[in-house]
Protein chains: 2
Amino acid sequence: MPPFTDGDARTSIVEAASAVFAQKGIDGVSMRHIAREIGVSATALYRHFDSKNALLSAACEAGFAEFEARIDATARAAATPLDALRQLGGVYVDFALTHPMHYDVMMIRPHQWALGPNPERDPESFAGLIAVIEACQAAGQLAPGDAREAAHRLWAALHGVASLAIAMPGEIRGLEPEPVRARADAMVEAVIATLT
Amino acid sequence: MPPFTDGDARTSIVEAASAVFAQKGIDGVSMRHIAREIGVSATALYRHFDSKNALLSAACEAGFAEFEARIDATARAAATPLDALRQLGGVYVDFALTHPMHYDVMMIRPHQWALGPNPERDPESFAGLIAVIEACQAAGQLAPGDAREAAHRLWAALHGVASLAIAMPGEIRGLEPEPVRARADAMVEAVIATLT
DNA sequence: TCACTCTAGTTAACGGTGTTAACCGGCGTC
DNA sequence: GACGCCGGTTAACACCGTTAACTAGAGTGA
């Protein structure tokens, strides 16, 4: 009798890993811990995943997909490309603040988990950002120019706002969620102002 | 015969720790490794430091001090407060890019090492940034307003630029040192533009 | 000079980590 | 019925931070 009743083993493991991951944080998750959670020996996990990184990668995949889906949906739903750009800031930091663990793994220290962007091609969300900016330029809502550089600036601004809030939670006055969201909007406006 | 010939034990340990730290990275440094480097048992280190965190903290102190000194010197040397503000961006990312390990420990994941800003008071460099902005306002070079929020925006902008470059070294086109420095200046200008 | 204390090191050990190797029971298939 | 694979098991390795108990040696006061 296998210890996994509902669904196959792989998804059960991923769910257990996600649970521990979300509860104990990225640094507090161990293979033995995950295994204990589902009543199995630690080495059993290696039947389904090559390494801890592979398991964590699978556990984070859903979060990554959700992030890109949100960005994508925002870009599609907006009336104009510039509207999309204005809304992206809020969506970005909102995801970061509500999924700090995922954001940490994705953006703050991707090298530690051998996850993160693929060097070969731009990450989808970044490529999407470039596309939105190019659409703004094509529509005459932004001055023509280096869309990639503009995307870098926007990304850096939002990443700075989000990652400071995550890295130093409550340690510095002004890093609580509300000012953070407003600040993200302000940063987007500031960057847009340099592109018009 | 003690194994430490030049200087006292404590500084020898800190130097060895700094060397391993700079070479192997923050994740690759262990007490046993540091101890082996100076020909001593790992537990000997605990005669001089309460914990690994305490040792790393001491090893990073010089870097932290240098960072604050650079920020301070820049602010003092500038002709006007606004000039200081304009130069701070370059100084900031320059330190981050040339001391990525220190920047990592200081700003990117301070919680992991129980280092980083003291919740009780603003870190000196941040307080200094606020002071510069207030000086700009007093001199009529920036419009009056919330200096703390302005400092947050500037900090976030620079942190975003610097930490992206460190977290994803060379993985995304546009994160090489040169565009990064130029981007930092551009971000400072963008934020300043919202404050005039 | 003897005895004491303090310093700065030692080894052994504990509980934890990721990971590998060897084994083993049950199941499906030729 | 033998074979092999699938999905578990236990034992083990090398490492981690840290603690406890011990010890060689220097310094000091009686």
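A note on names: the letters A, B, ... follow the listed sequences, proteins ahead of strands, and every chain is numbered from 1.
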(request) Please lay out, stage by stage, how Arg181(B) and Asp185(B) fare under the test salt bridge (Lys or Arg N to Asp or Glu O under 4.0 Å). (result) CA-CA 7 Å; Arg181(B) 288 189 172 84; Asp185(B) 287 336; over 6 Å; no
(message) Rounded to whole Å, please give me the gap between CG in Asp50(B) and P in dG17(D).
(response) 15 Å
(message) We want to know whether Glu189(B) and Thr194(A) form a side-chain donor-acceptor pair, criterion being a heavy-atom distance below 3.5 angstrom.
(response) no
(request) Just say parallel, tilted or perpendicular for the rings of His102(B) and Phe64(B), cut-offs at 30° and 60°. (result) perpendicular
(request) Give the ring-plane orientation class for Phe67(B) versus Tyr92(B), where under 30° counts as parallel, over 60° as perpendicular and anything between as tilted. (result) perpendicular
(message) Please tell me if Thr43(A) has a side-chain N or O lying less than 4.0 Å from either OP1 or OP2 of dT9(D).
(response) no
(request) State whether His48(B) places a side-chain N or O below 4.0 Å from either non-bridging phosphate oxygen (OP1 or OP2) of dG9(C). (result) yes
(message) Using a heavy-atom cut-off of 4.0 Å across all strands, would you classify Ser41(A) as base, sugar-phosphate, or nothing?
(response) base
(request) Could you state the atom-to-atom distance from CG of Leu45(B) to C1' of dT10(C) in whole Å? (result) 13 Å
(request) Map Val29(B) and Ala44(A) onto DNA chain D by nearest heavy atom, then report which one ends up closer to the 5' terminus. (result) Ala44(A)
(request) Please state how far atom CZ in Arg36(A) lies from atom C1' in dT17(C), giving the value in whole angstrom units. (result) 12 Å
(request) Among the candidates dT19(C), dA8(C), dT18(D), find the nucleotide nearest to the side-chain atoms of Arg47(B). (result) dA8(C)
(request) Find the distance His33(A):NE2 to dG18(C):P and express it as a whole number of Å. (result) 11 Å
(request) Applying side-chain contact (heavy atoms from CB on, under 4.5 Å), name anything that partners Gln137(B), two or more places apart in sequence or on another chain. (result) Ile133(B), Glu134(B), Leu142(B), Ala147(B)
(request) Just compare dT10(C), dC16(D), dG18(C) and give me whichever is closest to any side-chain atom of Met31(A). (result) dG18(C)
(request) Report the distance from atom CD1 of Ile34(A) to atom C1' of dG16(C), rounded to the nearest whole Å. (result) 15 Å
(message) Please report the distance, rounded to the nearest Å, between CG in Asn53(A) and P in dG18(C).
(response) 11 Å
(message) Using heavy-atom distances to pick each residue's nearest nucleotide on DNA chain C, tell me which of Arg32(A) and Ala42(B) is more 5'.
(response) Ala42(B)
(request) Using whole Å, report how far CZ of Arg10(A) lies from P of dG8(D). (result) 13 Å
(request) Starting from C1' on dC14(C), measure out to OH on Tyr46(B) and report it in whole angstrom. (result) 13 Å
